[in-house]
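No experiment lies behind these values; they were computed from the predicted model shown. Here is the naming used below: chain letters follow the sequence lines, and residue numbers restart at 1 for every chain.
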Amino acid sequence: MEITLTLNGNKITASVAPDTVLLDFLREHGCASVKCGCETSGCGLCTVFLDDKPVLSCSVPVVRADGHKVTTLEGLQEEAAEFIGFIADQGAEQCGFCNPGFVMNTIALLRENPDPTDDEIRAYLAGNLCRCSGYEGQTRGIRAYLNAKKEGRL
Amino acid sequence: MKQELKSVGKGVRKKDAMQLLLGKPAYVDDVTPSDCLVVKVLRSPHAHALIEEIHTDVAMRVPGIVAVYTYRDVPQKRFTMAGQTYPEPSPYDRLILDRRLRFVGDAVAIVAGENEAAVDKALRLIKVRYEVLTPLLDFRSALDHEILVHPEESWHALCDVGADNRRNLCAQGMESDGDVEQVFADCDVVLERTFHTKACHQAMMETFRTYTEIDTYGRLHVISSTQIVFHARRILANALDIPKSKIHVEKPRIGGGFGAKQTLVAEIYPAFVTWKTGRAAKMIYTRRECQIAGSPRHEMEVKVKLGADRDGTIRALDVHTLSNTGAYGEHGPTTVGLSGHKSIPLYTGSLEAFRFAWDVVYTNVESAGAYRGYGATQGIFAVESAVNELSEMLGLDPVAVRMKNMVKQGQIMPAYYNEPASACALDRCMQQCADAFDWAKKYPVRVTENGKIRAAGVAMAMQGSGISGVDVGSASVKLNDDGFYVLRIGAADMGTGCDTILAQMTAECMDCAIEDVIVFGADTDASPYDSGSYASSTTYVTGRAVEKACLELKEKMCTVAAELLDCPTADVVFCGREISRADGTASVSLTDVANKSMCRNNIALEATCSHSSPTSPPPFMVGMVEIELDRETGTVEVLDYHAVVDCGTVVNPNLARIQTEGGLVQGIGMTLYENIQYDERGHLSENSLMQYRIPTRLETGRLHVSFAPSYEQSGPFGAKSVGEIVINTPAPAIAHAIYRATGRWYRELPILPEHVALGDTVK
Ligand code: FES
Ligand code: FES
C-alpha cells in the first residue's frame, strides 16, 4: 500500500507492505541512527518522534505514520549538538549503539521539562537501556549541561 | 619512574564520541550495502537429536531463495569458534552444520535469499525428521554420564587440557601449593560451602552481525562486529577449509562486546554463503537468537573449603570448580582457571597452602563463551562469600579480616602462576573505600521508619592484564605530511575507548597533541598482528607496543632530521613539533622531516613493534554496597555502591570511571535480576530482553568510583587494566548485605525477591 509522510521535514511517498514496522522503513530511508536492540519494545534504542511524541519505532506499523510527521536524530542534529558534548565529556557515549535512542528521549525530556531533577531524568529515561555505561555518566552529562545552561555558560 | 605527563592521565573525549552521539552510520549494518543476500539459520527445537531426514526442495522453490545448506554441504573438519591464540585450548568440536544437534537453537540449516520475507518462508518449509534423543541437561551429573554430547571420532583437542569426549569432559585439572590437608587439620575452623552461578548473557545492545562479500581479488571480505579480527580469519579458514590468504576481516564500530564477540558466533554462516554463491551476504542475529544461541558466561558450581584460625587468619583454601561449557567447548578450558587463579591469590598475605581443581563438562544447553570477568567473577563470588561467612561466624569485621589476610605489594602469589604482585594497592583500596563509604557507620544493620532494613556488604577482587606469555599486541606508527601520525592497531575498540587511550599514549611519546594522532583498526590486511581485545589486554599489552613503536619511529625521524641538519644523528634531539641540533643552533619542523621522507628518501618513517608480557599484573579493587531490603516483598534495592580500583596508572580517568560504573551495573544485574532457566526439554525461558532483565537506570543505586593507583613497572606509563575486574565485586558484596539484613546466606545467583521473601536460599 502507498503511504505519505513527512520524514525529517521532507515529504515522502512510498509503497510498503502492510506489516512493515516503522523501524525498518526508517533504516531503509537513510535513517541509520535508528537502531534495533530487542524487537520486544524493551530497550528504547529505536526511539523516534511521531508528531513530536517519542515512540518505539520497532512496535509501530509504518502505516500508522501515514499522513504524519516522523523525526529521527538525523533531523535533530542541532538540537542534539547543544548537549551531547557534555555526555562526551563524561565518556558516557561508550559503544554508542544506544546513544541515538537515548539522545532522542533526552530531547523529548528537555522539551517537556527544561529543568529536570536527576531523579526526573532517570525516571523519564528508564526505558532506554544501556549495557556499557552504567547510566550514571549519562545523568552526569545531562546535569552538567543543565548547570552550564543555568550559569549562562553555553 | 614517574614522569610529568601531558596526555596520559587526562580525561579526554573519546575520538569517536561526537559522531556516535549524533547517530552517524558507524556499525556493520550502517556501513555495508543492504542489497545483499539475507542469511538466516534454522535452529533445532530439540536439545539433543539426530537429523534423520531433511528435505529442502520445497524451501528452495520459494521465489528469491538462492541457497539452502544442510550438514551434507559443509566441510567435515572440526574447529572451534573460540577466539584464542593458536593452538586453541578449546577443543575442535564444531562443524558448520552437524547431523547431531546438541542444544535448542543449534544450527540445522542455513538459508540465503534475496529478502527477509522469502528467507522466513523458506525456513518454515524445510522439512526435518528428527530422531529425538534424551538430552543431558544437568551439569552436575554430566561427567561419565551414559549420554554423550560429543561421541564423534573426529572430536579432538589441540592442547593437553585434560579433555575427553568419551567422558563429556572439556577440561580437567588440579594444582596446589603446600599441604592443604595438614593445614586444615591444624586450623581452629574449617568452613565448606557450595556456590552456584548461572550462564548470564553479555546482552550487548548490538547483537551479533556480519557482512561478507567477494572482493576485487576474489577473496572473502568480512566486515563483522568482532573483538578478534585475526582469530576470526583463522577460524573462518578452518571452518570453510580454505587458505587464510583468501580471507580479509575488518571491524567497524562495535555496539558492545564484553567478550561475546570473542567467539565467532555469527560470522561463519554468511561467510559460507558468500564463499559458495559468490554473492554478498549479511546475517543479523535477532535478540532471541542472541539469547538462545550466543556465547554466555559459564555456569559454575564452586565448592570452597576454607581453613582459618579464630583470630581470622586465613590459612588454607581448597577450591573446586565444576563448569558447564554447554554443547560446545568454547573458552571452556580457560574460563575455569580464572575461578581459582583470580580468587585464591587475594589471600596470599596469610595462606599457607591451597588446592584448586576443576572439571569442565559438556551438556545439551547453549554453548558458553567469554564474558567480562571470564570465570574470575564466579570464583570471586564464591571465595569472597566464604570469607564473609567466616568473618560473620567468628564475629569479626570482614574489612579487618581482609586487611589481615590480603595480598601485599611485592609478594609472590603461588596461586597465580607464582607471579609477583608487582604493583598492588589493595590495602589502600580497602582503606579508601571504607572511609568513603563510612563502613564503621553503615556496617551495623539499621531498620528504617517504614520497616525496611538497611545493611552493608563488602568484597574485593582481582583480574589480570592480558594472558601472560601468550597475548601479542602490536602497533604501527607512521609520520605523515604536516607532521601528523597514523597509529595502526589490531586491537578492537568496542566502545571502551582503546583507540583514544592508545592515541593518548602515542601523543605522550611523540610529544604531540592527541588530535595529531589518527587511529586505524582493526583490519587483518592492514593492521599489525594483535591477539585482539580481550583478557583485559589492550591497555597493558598493546599500550606497551605503542611505546616501543614510538621510540623506534623517533630514532628514524632523528636520522632523517640529521641529514637535513647536516650533522650526526647523535647530535640531534627530538622535541615534539621539531627536531633540533643539540647545541640549539638549528632545527627542522616535523613537516620538513615528513616532506623529506617523501622525496629522495630511503628511510621509512614508520615503525611497527610487537609486545608480549611474561606476566599479567593484576589490577585490584574493593567494593562496598549499602542496600535497603523489604522483608515483605523481598525486594533488594541498591542504595550506594562504592568502588575503589587499583588499575595502575589511570590513562583516562573518565573512561576508567565509566568502565567501572558499567561493570558494577552488570554485576548488580547478575546478582539481582538476570536469571537463566531451562525447562525439562532444554528450552531457555529468558529468550528476550523482557524475560532476561538487565538493570535499568532505576536499579543501579548511586555509584561512587575512585582510584588508588599503584605503578606497574612493566606497563605503559605504569598502567595495568580495568575492563574486566569491575564486574567482580557486586555479587559477593550484595549477597553479604542480604545476609546482614536477613540472617540468611544466598549462595546461588541471581537472588530474586521471591527467594528473599520466602527465605529460600538453596534450590
Ligand atoms: S528495538 Fe524497539 S524497544 Fe528495543
Ligand atoms: S553505550 Fe553501549 S549500550 Fe549504551
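- For Leu45(A), the part lying near chain B is the side chain, with the backbone staying farther off; criterion is any non-hydrogen pair under 4.5 Å.
- Contacts of Gln77(A) with chain B are made by both backbone and side-chain atoms, with heavy-atom separations under 4.5 Å.
- In this structure, chain A has no heavy atom under 4.5 Å from any part of Pro653(B).
- Interface remark: Glu28(A) contributes no atoms to any contact with chain B (heavy atom separation under 4.5 Å).
- For Asn128(A), the parts lying near chain B are the backbone and the side chain together; criterion is any non-hydrogen pair under 4.5 Å.
- Counting heavy-atom neighbours within 6.0 Å of Arg111(A) CZ, excluding the residue itself, gives a total above 12.
- Contacts of Asp29(B) with chain A are made by both backbone and side-chain atoms, with heavy-atom separations under 4.5 Å.
- When each of Cys132(A), Gly42(A), Pro100(A) is checked for heavy-atom pairs under 4.5 Å with chain B, Cys132(A) comes out on top.
- Glu74(A) and Ser33(A) form a side-chain donor-acceptor contact under 3.5 Å, judged by distance and modelled atom types alone.
- Of the two parts of Cys43(A), only the side chain, counted from C-beta on, holds a non-hydrogen atom closer than 4.5 Å to a non-hydrogen atom of chain B.
- Ranking Arg693(B), Met204(B), Gln202(B) against chain A, the residue ahead of the rest is Gln202(B), based on heavy-atom pairs under 4.5 Å.
- Checking Arg372(B) against Gln659(B) by side-chain atom types alone, a donor-acceptor pair falls below 3.5 Å.
- A donor-acceptor pair shorter than 3.5 Å cannot be found between the side chains of Ser685(B) and Gln691(B).
- The part of Met494(B) that comes within reach of chain A is its backbone (N, CA, C, O), which places non-hydrogen atoms under 4.5 angstrom from that chain.
- With salt bridges taken as basic N to acidic carboxylate O contacts below 4.0 Å, none links Glu686(B) and Arg288(B).
- Looking only at heavy-atom pairs under 4.5 Å with chain B, the residue among Gly44(A), Ala80(A), Gly85(A), Gly101(A) that has the most is Gly85(A).
- Residue with the most contacts toward chain B among Cys130(A), Ala32(A), Gly134(A), Cys95(A): Cys95(A) (heavy-atom pairs, distance under 4.5 Å).
- Looking only at heavy-atom pairs under 4.5 Å with chain A, the residue among Thr286(B), Leu655(B), Leu664(B) that has the most is Thr286(B).
- Between Asp24(A) and Arg27(A) there is no salt bridge, since no side-chain nitrogen of the basic residue lies less than 4.0 Å from a carboxylate oxygen of the acidic one.
- For the pair Glu93(A) and Lys14(B), the salt-bridge criterion is met [side-chain N within less than 4.0 Å of a carboxylate O].
- One side chain, Glu120(A) or Asn113(A), offers a donor N or O that lies under 3.5 Å from an acceptor on the other.
- Side-chain contact of Tyr371(B) with Gln666(B): a donor-acceptor pair under 3.5 Å is present, judged by distance alone.
- Of the residues considered (Val34(A), Ile121(A), Asp89(A)), Asp89(A) shows the highest number of contacts with chain B, using heavy-atom pairs under 4.5 Å.
- Neither the backbone nor the side chain of Cys31(A) comes within less than 4.5 Å of any heavy atom of chain B.
- When each of Asp119(A), Thr139(A), Thr40(A), Ile87(A) is checked for heavy-atom pairs under 4.5 Å with chain B, Thr40(A) comes out on top.
- For the set Lys24(B), Gln291(B), Gln19(B), Arg253(B), the count of heavy-atom pairs under 4.5 angstrom toward chain A peaks at Lys24(B).
- The six-membered or imidazole ring of His704(B) lies away from that of Tyr641(B), with a centre-to-centre distance of 6.0 Å or more.
- Neither the backbone nor the side chain of Ser34(B) comes within less than 4.5 Å of any heavy atom in chain A.
- The closest side-chain donor-acceptor pair between Glu112(A) and Tyr124(A) falls under 3.5 angstrom.
- Note: Gly37(A) leads Ser41(A), Ala17(A), Gly37(A) in heavy-atom pairs under 4.5 Å with chain B.
- Defined by atom type and a distance below 3.5 Å, a donor-acceptor pair is present between the side-chain atoms of Lys282(B) and Thr32(B).
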